[in-house]
2 protein chains.
Amino acid sequence: MSEKSLNFFGDAENCPVRNVMDRFGDKWSTLVLLLLEDQGVMRFNELHKTIKSVSQKMLSVTLKSLEADGLILRKQYPEIPPRVEYRLSERGQSLIPHIQSLVAWANQHMPEIKKSRASYSS
Amino acid sequence: MSEKSLNFFGDAENCPVRNVMDRFGDKWSTLVLLLLEDQGVMRFNELHKTIKSVSQKMLSVTLKSLEADGLILRKQYPEIPPRVEYRLSERGQSLIPHIQSLVAWANQHMPEIKKSRASYSS
DNA sequence: TATCTTTGCTTACCAAAAGTTAGTTAATAA
DNA sequence: TTATTAACTAACTTTTGGTAAGCAAAGATA
């Protein structure tokens, strides 16, 4: 890092860190990606039932933006009632290990972090 | 993954993915961590000047929560005007590589992602 | 024939969270 | 008298996400 990269910190538009976090810092994106990685192909309602706390609205917003970014693929069958399947794209696949490493770190450190948090307020 | 881990998706409190994203999905945390990794020790105003777009309020909120989680260390000198120094803790250090790998991925794929986004709307 | 069911959404409305801006503080040195 | 530093506060705006309702079209049910 240093030198060149530092310039980015000031500039929101071109900052690589902002680019990551603006994209994956939302409430559901990473969850959907990891779930699709785990399950392969899923329909809308399967996702909805598995991630119990997501609303229909937010699920469809999340899926749409993941599709727009080319991270997942959407396949719609011309049937009624409708059938739509979602799966990871190659690009999405390539992202998974990085998310997983972050999640692994969190799993390992969360107990200590929670302790720190608790003692901080006192 | 599979089996056991899947249960977490439904349950916000214990979901490891939510734990990560609730913590680092905010606008400034990762930026501050990477900057401190790069610079070692920084005072409040140095951070503020380097990350030009952050407001004083959000910078202090961010620093406080990073400190509460034990990811950074704060050293205050009993002077006026005040002098406060921030640096990464060991725990914070251990997180850095994971963030960097995510940022590296983003740098590599952002051009394509932006193309996808642009063509999606049409 | 009428209405209910199914799926994958969309829309309008609302509350809460996050972020912005401007103003305040306190001791000292210039 | 003014600038300095690292905050904090209040008032305000923006963003995010949730709720509840509705829709479309075909097939099943009564």
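Below, chains carry the letters A, B, ... as their sequence lines are ordered, and counting in each starts from 1.
Atom CG of B/Leu59 is separated from atom P of C/dT20 by 11 Å (rounded to the nearest Å). The distance between atom CD of A/Gln76 and atom P of D/dA25, rounded to the nearest whole Å, is 13 Å. If you take NE2 of A/His48 and P of C/dG8, they are 12 Å apart, rounded to a whole angstrom. In this entry the distance linking CE of A/Met21 with C1' of C/dA18 reads 17 Å, nearest Å. Look at CD1 on B/Ile51: it is 13 Å from P on C/dG19, rounded to the nearest Å.
Looking at B/Ser53 and A/Arg18, their side chains never bring a donor and an acceptor atom within 3.5 Å of each other.
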A correct 5'-to-3' footprint of nucleotides 4-23 of chain D, with B, S and - meaning base, sugar-phosphate only and no protein heavy atom under 4.0 Å, is BBBBB--------BBB----
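A tilted orientation is assigned to the rings of A/His48 and A/Phe44, their planes being inclined by 30° to 60°.
One N or O on the side chain of B/Ser116 and one on the backbone of B/Glu112 form a donor-acceptor pair closer than 3.5 Å. A donor-acceptor pair under 3.5 Å links the side-chain atoms of A/Arg91 to the main chain of A/Asp69, judged by distance alone.
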With side-chain contact (heavy atoms from CB on, under 4.5 Å) as the test, would you mind laying out the steps for B/Phe24 and B/Leu71 before giving the verdict? CA-CA 11 Å; B/Phe24 306 110; B/Leu71 295 168; 3.8 Å; yes
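If you chain together hydrophobic residues whose side chains sit under 4.5 Å apart, A/Leu73 and A/Leu66 never meet in one group.
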